[in-house]
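Inspection log for the structure reproduced underneath, given as structure tokens.
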Amino acid sequence: MCGIVGAVAERNVVEILLEGLRRLEYRGYDSAGVAILDDNNHLHRVRKTGKVQELANALEANPVRGSIGIAHTRWATHGGVTEANAHPHFSAERVAVVHNGIIENYQNLRRELTADGYHFSSDTDTETIAHQVDKELQQTNDLLSAVQTAVKKFDGAYGTVVMDKQDPGKVIVARSGSPLVIGLGIGENFIASDQLALLPVTRRFIFLEEGDVAEISRTKVSVYDQTGAQVQRKVIESDIQHDAGDKAGYRHYMLKEIHEQPVVVRNTLQGRISEHDINTEVFGVKADEILAKVKHVQIIACGTSYHSGMTARYWLEQHANVSCNIEIASEFRYRKSYVHPNSLLVTISQSGETADTLAALRLAKDLGYMASLSICNVPGSSLVRESDLAFMTMAGAEIGVASTKAFTTQLTGLLMLTAAIGKHNGMSPNQLEKMISALHTLPAKLEEALTLSQEIELLAEEFADKHHSLFLGRGDQYPIAMEGALKLKEISYIHAEAYASGELKHGPLALIDENMPVIVVAPNNELLEKLKSNVEEVRARGGIMYVFADKDANFQSDDTMRVINVPHVDQIIAPIIYTIPLQLLSYYVAVIKGTDVDQPRNLAKSVTVE
Ligand code: F1P
């Protein structure tokens, strides 16, 4: 989603800002812009719809230099994808602003500001920030206090950076709901919505907290909390390894990330399970005490993370003997829901900044859940900081918008959670040992599943001219079918639906014909015979099927059915393994269709608006 980069330095910052924007490209955006204050205090602005490269080309054609600047990639919410709506926004050719999030009361503010004589040149909510700050500046003529007063008027979420031409040498930043991180340099300082943007210039960061406003100059950073009191925030040395230019020889980040899964799943397990047991402290220091009391689990997540949560529901109820509900965050947060006694709220999110999931967590605190646990891939993210317990997946930075390795590491963590809760809830030592042994086999089995790559690349040809598809699974493979369908629609734009195959006869059978490929996930489990009947229902209606099956499941390829044998695995880890061929299928279909695999249209990596 939208990205922010800013710099206050002695050197020319244009290239630093552009590189920062490039590093945020993976988050998804539709236009980009930069505002630079040059050495004569002239404010320059360049904005372009489309890719950051368009902006770079424009800056190459008409070079601008300056040691203070702010830059932005926009993902449209209020107002279409136009140059006029792209950030930075100006007020009175004096104040420049970039902003992530949504100012919900912008219409009222716009009316007030228009009555005050301000002219709006965009349809955005962001422009109200620029004018409001300018209005406050008329009273105080001090940028810091102008921003501190202005933000009190804003409802909604913002991470914003403000520059004043009449007060050069500094930027003021404010965070409420959208993350901002200050990068500390030597004789220069930076700001960004994600530390990845600043890794070429620094590894020392201050993560701003909710309500913080900070003044950043070349040599000084002063942070004020929401009461206006000056505060010291911790400086963190980042050890994140990420080079946005490094696809390690793969054609796309997504393919690299699919192939990284054996390693990152191993990293997620390492030091956390012994030969026969699980170290519950991986969920937090007080985890044992809390997990021992859990009688119900409420899972909240969005998108791919929701699918890992759905899989976990099957695991938790079957093996950990606790009841479990799962709900999409945007639904949960706006309805009255029943809180079960001793209920643990589990949020799942690769980014830890998804606005709806975060709002659900905050709501749950008021509702009286016993405790909260977040399963997340980003240390220091809002979700992790605001939860009682946290399990960090070790997927490393995931650049492809369509989540792959974050998903399988989430599933790995959720299986460990099942073991940790189960231990306190009647899971026998034998059952626990079996689950842990299966977890130990995961990395090698994932490697084996990846050897299907070539076979699936060939198979993908058959999907390239299709417009619709149906994914079928049963039991804990139903969410995997859902995830397979989501991957295909996200990156190849083929309409894909997933059904629990027992539901076929209740509607979707009407869709079956030779133009609607049906993808079936069929491990050799207790539901196999039921699934086989569903396969026959499709065959009888002339459907063409692609069946990902265990060898022992005894499916035979024929005119109407293509069988792809998936490695034989313990049933408990089968959902994780069957994910791999479905990821590969959507990847290769997208490559054949020539879509933008890593940055699919209209989508964003970190959904920080509701
Ligand atoms: C949820 C999510 C991802 C998806 C895409 C958009 O994000 O739907 O699953 O791949 O990146 O956001 P998160 O809460 O897991 O960060």
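Every number for a ligand or one of its atoms is a count from 1 in the order of the listing. For the single chain, residues carry numbers from 1 onward in sequence order.
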For ligand 1, would you mind listing the residues that have at least one heavy atom less than 4.0 Å away, ordered by chain and number? Cys302, Gly303, Thr304, Ser305, Ser349, Gln350, Ser351, Thr354, Val401, Ser403, Glu490, Ala604, Lys605, Val607
Just by distance, with hydrogens left out, do Thr393 and Gln410 show a side-chain donor and acceptor under 3.5 Å apart? no
Cationic tip of Arg272 within the cone over Phe391's six-membered ring, i.e. under 6.0 Å and within 45° of the normal? yes
What residue pairs, at least two apart or across chains, pass salt bridge (Lys or Arg N to Asp or Glu O under 4.0 Å) with a residue in residues 260-271? Lys256-Glu260, Glu260-Lys405
So that I know where these two stand, are Tyr314 and Tyr478 an aromatic pair - ring centroids less than 6.0 Å apart? no
Is it the case that over 12 heavy atoms from other parts of the model lie below 6.0 angstrom from the NZ atom of Lys286? no
Please report whether the ring centroid of Tyr338 lies less than 6.0 Å from that of His340. yes
